[in-house]
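Written out below as structure tokens is the structure these notes cover.
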There are 2 protein chains.
Amino acid sequence: MSEVTATGISVLLVDDHPIVRQGYRRVLESQGDLHVVAEADNAADAYGAFKAHDPDVVVLDISMPGASGLEAIRNIRARSPRARILVFTMHNEAVLVKSAFGAGASGFVTKSSEPSAVVNAIRSVARGERAMSDDIAHVLAEDSLSPTGSVLDQLGEREIEILRQFAGGSTTEEIAAHLNLSVKTVQNYHYLIKSKTGARTDAQLVRLAATCGLTRI
Amino acid sequence: MSEVTATGISVLLVDDHPIVRQGYRRVLESQGDLHVVAEADNAADAYGAFKAHDPDVVVLDISMPGASGLEAIRNIRARSPRARILVFTMHNEAVLVKSAFGAGASGFVTKSSEPSAVVNAIRSVARGERAMSDDIAHVLAEDSLSPTGSVLDQLGEREIEILRQFAGGSTTEEIAAHLNLSVKTVQNYHYLIKSKTGARTDAQLVRLAATCGLTRI
DNA sequence: TCCGGCTTGGGAAATTTGCCCGAGCTGCAA
DNA sequence: TTGCAGCTCGGGCAAATTTCCCAAGCCGGA
């Protein structure tokens, strides 16, 4: 049972900052056709609120405490494949964007976008279209992405093992010693993992490994 | 020349996210006594806007591209010691809070606070009082009791800012560009941070930053 | 005033990265 | 059976980064 009216789009807002939520709410409701029917301040509550209100669009920030926002996306989509989820966050890393779409998001908009771009993105995903802000399109274009599923699916067993140890804090030498490989090989894997995942930085690799559950922090 | 009316408090909003600014504006203006007279989306413009509008209170997010928000605080206070500045950010690290007050802020409120707490904080600093949200008070209290300071206490303010951006996934060049520093300086900070914290790996650095709440994964 | 710490960067050697390559293995499909 | 494709493992080499050491300016405290 959707709460959508003949002329409106119902929205569930998920963000951990109350005043940010309230600000969004006012911006969205001033549009006339957008109605915020519920809010949640963490990923765990997001699914409950989704079930209770069956909104047309879920607008959520993926950088929240507790369970990852990606987790929330998967959670919602697993049970309600027709759910439309618009990620709205300050991050603009290619890996994160790909993970979000891979997890089932319909759109990805950064907080640096103009409010008009955000509300238009909401309308787009409500129509079942894919939406993303200009800067995100740019990031993805640069990344010249390959059509894949989860980021980890592109990695071989060895690559994942090395990524795990690397993200755990081990040095290249330690990994080589532990796996009985030459340092050069580990270096090559390191490079290969970065190219495959699109991570441009070791820090991005660690974050990627963490969001995929490869390592805990 | 203050733009304050007999019954109102004029506010300058500084935040790099347009829709967040717009949301704040609506929340504040719905209060009746608060009037947003100007906005700025970076620290550099903040002082210009301050001079032009002489607001009663500056509400600013310290995590912005360009010059650090702390820099903006010092900038404004140096020229207008009676300026009231309320820091409004998602960060709640004790070191950061102390730095902000040290730089001349009158208040520090996190984005996890209730909107009512935020507007009350604005009224408090407008009256010349010091204000902080409950969670900030809690963090400061815990910090003053802990015998072993956080690892971050060994780091200077610039070092913390660079660590935050690095852990967030930014490259050395990007950080240098954001902060208007030479790449060499950022590299030196990177090295210095590793020595001070004892991290032997970039991954360890990211984990450290995450456990200290400097970045979220 | 002097000392110490922060900030900013240069310099130079050591190390790592980025990207190319080949070779041995396995599984799979024609 | 042959052959292709993908994983694993490492060499090579130029380019980039990291690692240290150093210096100068600034500021606050003793």
Side-chain angles (χ1 to χ4, degrees), chain A residues 142-144 146-149 151-167 169-206, chain B residues 43 66-75 77-78 95-96 98-104 149 151-167 169-206:
Chain A
E142 295 239 357
D143 192 66
S144 68
S146 51
T148 74
V151 191
L152 288 187
D153 290 346
Q154 329 167 43
L155 300 183
E157 200 176 297
R158 212 83 246 235
E159 292 162 340
I160 288 184
E161 180 56 31
I162 286 175
L163 174 56
R164 184 202 318 284
Q165 296 198 26
F166 171 76
S170 302
T171 67
T172 305
E173 284 90 348
E174 287 166 355
I175 298 176
H178 197 262
L179 298 180
N180 254 328
L181 296 176
S182 92
V183 169
K184 182 63 194 179
T185 300
V186 178
Q187 288 175 338
N188 276 338
Y189 273 117
H190 192 334
Y191 166 72
L192 204 64
I193 294 167
K194 278 209 238 178
S195 354
K196 283 193 180 181
T197 59
R200 284 150 52 246
T201 280
D202 284 352
Q204 289 179 12
L205 265 193
V206 176
Chain B
S68 141
L70 293 175
E71 204 57 47
I73 298 178
R74 270 188 223 98
N75 233 307
R77 294 279 298 186
V95 216
L96 202 57
K98 289 195 273 188
S99 302
F101 279 117
V151 196
L152 294 185
D153 290 345
Q154 326 165 45
L155 301 182
E157 157 191 317
R158 211 86 245 232
E159 291 163 341
I160 289 184
E161 180 57 30
I162 287 175
L163 174 57
R164 182 204 318 288
Q165 296 198 26
F166 171 76
S170 300
T171 67
T172 305
E173 285 91 348
E174 287 166 354
I175 299 175
H178 280 167
L179 299 180
N180 254 321
L181 295 176
S182 92
V183 169
K184 183 63 195 180
T185 299
V186 177
Q187 288 175 338
N188 277 336
Y189 273 116
H190 191 335
Y191 168 71
L192 202 64
I193 294 168
K194 278 208 233 178
S195 338
K196 282 194 179 180
T197 59
R200 285 152 50 247
T201 279
D202 284 353
Q204 290 178 11
L205 222 44
V206 175

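The model shown is predicted, which means the values in this text are computed figures rather than measured ones. Just so you know, these numbers use all the heavy atoms, side chains as well, and skip hydrogens, waters and symmetry mates. A, B, ... follow the sequence lines: proteins, then strands. Residue 1 opens every chain.
- Rounded to an integer number of Å, the gap from Ile175(B) CD1 to dT17(D) P is 12 Å.
- At the heavy-atom level, Glu173(A) lies under 4.0 Å from the strands shown only through sugar-phosphate atoms.
- Ion pairing between a basic and an acidic side chain is recognised when a charged N comes within 4.0 Å of a carboxylate O; Arg164(B) and Glu161(B) show such pairing.
- How far CZ of Phe101(B) is from CD1 of Ile73(B): 9.5 Å, rounded to the nearest 0.5 Å.
- Taking CD1 of Ile193(B) as the reference point, atom CG of Asp202(B) lies at 10.5 Å (rounded to 0.5 Å).
- As a whole-Å value, the separation of Lys194(B) NZ from dT15(C) C1' is 11 Å.
- Within a heavy-atom distance below 4.0 Å of DNA chain D, the residues of residues 180-187 of chain A found are Leu181(A), Ser182(A), Lys184(A), Thr185(A).
- Checked by atom type and distance alone, the side chain of Thr201(B) never pairs as donor or acceptor with a backbone atom of Ala203(B) at under 3.5 Å.
- Side-chain contact between Leu181(B) and Ile162(B): present, with at least one pair of heavy atoms (C-beta onward) separated by less than 4.5 Å.
- Note that CG of Leu192(A) is 14.0 Å distant from CZ of Arg158(A), once rounded to the nearest 0.5 Å.
- Contact annotation: Tyr191(A) does not reach the phosphate of dT17(C) (side-chain N/O to OP1 or OP2, under 4.0 Å).
- Between dT17(C) and His190(A), a contact under 4.0 Å exists linking OP1 or OP2 to a side-chain N or O.
- Between the CZ atom of Arg158(A) and the P atom of dC25(C) there is a distance of 16 Å, rounded to whole Å.
- For Tyr189(B) and dT8(C), the shortest distance from a side-chain N or O to OP1 or OP2 is below 4.0 Å.
- Once rounded to the nearest 0.5 Å, the distance linking OG1 of Thr171(B) with CD of Gln165(B) reads 10.0 Å.
- Less than 4.0 Å separates DNA chain D from no heavy atom of any residue of residues 198-206 of chain B.
- Side-chain contact between Thr197(B) and Gln204(B): absent, with no pair of heavy atoms (C-beta onward) separated by less than 4.5 Å.
- Smallest separation of non-hydrogen atoms from Ile175(A) and Ser170(A): CG1-CB, 3.7 Å.
- Ion pairing between Glu174(B) and Arg200(A) holds under the 4.0 Å rule for side-chain N and carboxylate O.
- At whole-Å resolution of the value, CZ in Arg74(B) and P in dC26(D) are 16 Å apart.
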Working for side chain to side chain contact (heavy atoms under 4.5 Å, CB included), residues Phe166(A) and Val186(A): CA-CA 10 Å; Phe166(A) 171 76; Val186(A) 178; over 6 Å; no
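- Per the geometry, CD belonging to Glu159(B) stands 12 Å off P belonging to dG5(C), to the nearest Å.
- Following rounding to the nearest Å, Leu192(B) (CG) and dC20(D) (C1') show an atom-to-atom distance of 11 Å.
- Looking only at side-chain heavy atoms (C-beta outward), Leu205(B) and His190(B) come within less than 4.5 Å of each other.
- Ranking dG12(D), dC9(D), dT19(D) by closeness to the Asn188(A) side chain, first place goes to dG12(D).
- Direction change of the helix axis from one end of the helix from dT1(C)-dA30(D) to dA30(C)-dT1(D) to the other is 30°, with five pairs defining each end axis (rounded to 10°).
- At whole-Å resolution of the value, NZ in Lys196(A) and C1' in dC19(C) are 15 Å apart.
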